[in-house]
Amino acid sequence: MPEGHTIHRAARLQNKRLRGRPVQSESPQGRFASGASLVDGIELAKISANGKHLFYEFANDVIVHVHLGLFGKFRLRSLPTEDPVSENCRWLVTTANDRLHLAGPTACEVVDGEQVDAIRSRLGPDPLVKRHRRDPVETMASRLHRRTIPIGAAILDQKVIAGLGNVYRAEILYRIGLDPFTPAREVDQSKLHALWTESVRLLRLGERSGRIVTTDPADVGRTRRSNIKAQERLYCYKRQGEPCRRCGSIIRTADIDGRNIWWCPAEQS
DNA sequence: GTGTCATGCGTAT
DNA sequence: TACGCCTGACACG
């Protein structure tokens, strides 16, 4: 489930267990064999997350860049473990106590500092990063300026805001009451501000819980967030034909830029 | 077993 | 706009 919350959560949990320890590094599948060997036996100094990107910094200054793409998955296990190493395991990182198993990533590669800077510089503000050089809302506004693409396409552009994926895009636009087809340049400052604050709130929740929950308990007949059932976690995503949880209008779906979006035609207008 | 789709993104046309 | 990459879950026959 790799949107930004998944990546930041992975960095946090992996730092807790792997950071500061020498690792055994290998590529059972073979496709990352030369990179993996560069850090075999080396201390993992720090893992950092930006948007949907992860950077593994080792004590010998080698940096490994990982991007999960659509299919990538981590499995972090305490040792000993019964969990098998799959034959498509791209990178296997083992310490005395733990084992990190990575399969299916879009990117798993050794990069230098300049490449890290290049990746970071093409990312917009990340709702899960605390400090920003510029006001994040201003940065978003400047990157949407005069663009006629629908806001539903714009917020998947990682240069505009880093870390949102297809679930959060539908859910956040619902929560701020914005029609996904609104041209980006017509979105006013107050909506952009709401977009940012809802992104921060929802991604933080997702980072802590490991799942995407965007519904308010009251909208699904619950009194506490912890009582929300799996079927009740979202307002729009993949709910085409079902009634809106707030107004009962039928949730619609359409294609924006080759990806499906879902929205409530009444709440978002 | 086969086909389809998916929480992503870069490159080519 | 289409395709390629990477994998797994599920529907269907």
Side-chain angles (χ1 to χ4, degrees), chain A residues 1-11 27-33 35-36 49-55 64-75 83-92 100-109 111 115-116 118-124 126-128 143 148-150 152-175 180 198-199 202-215 230-231 233-241 251 253-263:
Chain A
M1 310 175 193
E3 296 195 26
H5 69 300
T6 307
I7 304 309
H8 282 264
R9 181 179 171 85
S27 179
Q29 173 199 52
R31 290 187 46 186
F32 185 53
N50 286 78
K52 298 172 189 170
H53 299 262
L54 284 163
F55 301 100
V64 176
H65 168 229
V66 170
H67 190 293
L68 294 182
L70 197 49
F71 312 125
K73 274 189 181 60
F74 287 115
R75 278 146 49 188
D83 190 35
V85 173
S86 74
E87 61 185 53
N88 56 30
C89 176
R90 184 80 59 87
W91 193 23
L92 192 66
L100 178 67
H101 181 293
L102 171 63
T106 283
C108 178
E109 59 188 355
V111 291
Q115 291 170 295
V116 174
I119 291 166
R120 286 189 172 143
S121 69
R122 58 171 203 252
L123 294 176
D126 178 340
L128 291 175
R143 296 188 180 173
T148 57
I149 59 167
I155 63 174
L156 279 188
D157 181 343
Q158 303 295 300
K159 287 194 293 291
V160 173
I161 180 170
L164 300 192
N166 209 25
V167 180
Y168 280 122
R169 106 160 142 169
E171 296 296 310
I172 290 168
L173 291 177
Y174 175 89
R175 290 202 52 110
E198 279 298 275
S199 299
L202 293 174
L203 267 75
R204 278 186 188 162
L205 262 176
E207 196 275 344
R208 267 182 252 132
S209 66
R211 56 178 57 128
I212 302 177
V213 180
T214 64
T215 45
Q231 301 292 82
R233 286 176 191 153
L234 306 173
Y235 285 104
C236 293
Y237 181 76
K238 285 195 172 168
R239 292 192 70 240
Q240 69 271 20
I251 300 295
T253 186
D255 184 293
I256 293 184
D257 261 18
R259 307 199 65 194
N260 294 323
I261 178 123
W262 294 262
W263 78 102

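We name chains A, B, ... by the order of the sequence lines, and we start the count at 1 in each one. Please read all numbers here as calculations on a predicted model, not as lab measurements.
- With sequence neighbours excluded, the residues satisfying side-chain hydrogen bond (donor to acceptor under 3.5 Å, both in side chains) with A:Thr253 are A:Trp262.
- Distance check on atom C1': B:dG10 versus C:dG8 gives 22 Å, rounded to whole Å.
- Between the P atom of B:dT4 and the CZ atom of A:Phe71 lies a distance of 15 Å, rounded to the nearest Å.
- A distance of about 14 Å separates the P atoms of B:dT4 and C:dC3, rounded to the whole Å.
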Protein-nucleic acid N or O pairs under 3.5 Å, nucleotides 9-13 of chain B:
from: B:dC9; atom 1: OP1; to: A:His67; atom 2: NE2; distance (Å): 3.3
from: B:dC9; atom 1: OP2; to: A:Lys52; atom 2: NZ; distance (Å): 3.3

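- By the side-chain contact (heavy atoms from CB on, under 4.5 Å) test, A:Glu198 is found to be paired with A:Ile172, A:Arg175, A:Ile176, A:Arg201, A:Leu202, residues two or more places apart in sequence or in another chain being considered.
- Between C:dT1 and B:dT7, the distance separating the two C1' atoms is 23 Å to the nearest Å.
- On the nucleic acid side, DNA chain C has its first and last nucleotide under 4.0 Å of a heavy atom of chain A at C:dC6 to C:dG8, going 5' to 3'.
- Qualifying side-chain hydrogen bond (donor to acceptor under 3.5 Å, both in side chains) partners for A:Asn88, counting only residues two or more places apart in sequence or in other chains: A:Ser86.
- The nearest whole Å value for the distance from the CD1 atom in A:Ile212 to the C1' atom in B:dT7 is 6 Å.
- No side-chain heavy atom of A:Arg122 sits under 4.5 Å from any side-chain heavy atom of A:Gln158.
- Residue A:Gln29 is in sugar-phosphate contact alone, with no base atom involved, counting any heavy-atom pair closer than 4.0 Å across all strands shown.
- In plain terms, the two heavy atoms of A:Arg9 and A:Glu207 that are nearest each other are NH1-O, 3.0 Å.
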**Asked** If pairs are Watson-Crick or G-U with both distances under 3.5 Å, what is the dot-bracket string of DNA chain B, marking crossing pairs with [ ] and pairs to another strand with |?
**Response** ||||||.|||||.

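- The ring-ring contact (aromatic ring centres under 6.0 Å, His included) search around A:His101 returns none, not counting sequence neighbours.
- For the OP1/OP2 pair of B:dT7 and a distance below 4.0 Å, the side-chain nitrogens and oxygens of A:Tyr237 include at least one atom meeting the criterion.
- Every side-chain contact (heavy atoms from CB on, under 4.5 Å) that A:Arg120 has, sequence neighbours left out, goes to A:Ser48, A:Asn50, A:Phe55, A:Val116.
- Nucleotides C:dA2 and B:dC5 place their P atoms 14 Å apart, quoted to the nearest Å.
- Here the P atom of nucleotide B:dA6 and the CZ atom of A:Arg169 are 12 Å apart, to the nearest Å.
- A search for side-chain hydrogen bond (donor to acceptor under 3.5 Å, both in side chains) contacts involving A:Gln115 returns nothing, not counting sequence neighbours.
- The side-chain hydrogen bond (donor to acceptor under 3.5 Å, both in side chains) test applied to A:His67 returns no partner, not counting sequence neighbours.
- Partners of A:Leu234 by side-chain contact (heavy atoms from CB on, under 4.5 Å), not counting sequence neighbours, listed by chain and number: A:Val167, A:Glu171, A:Ile212, A:Thr214, A:Tyr237.
- The side-chain contact (heavy atoms from CB on, under 4.5 Å) check on A:Thr215 picks up A:Val213, A:Val220, A:Ile228, A:Tyr235, A:Arg245, with sequence neighbours excluded.
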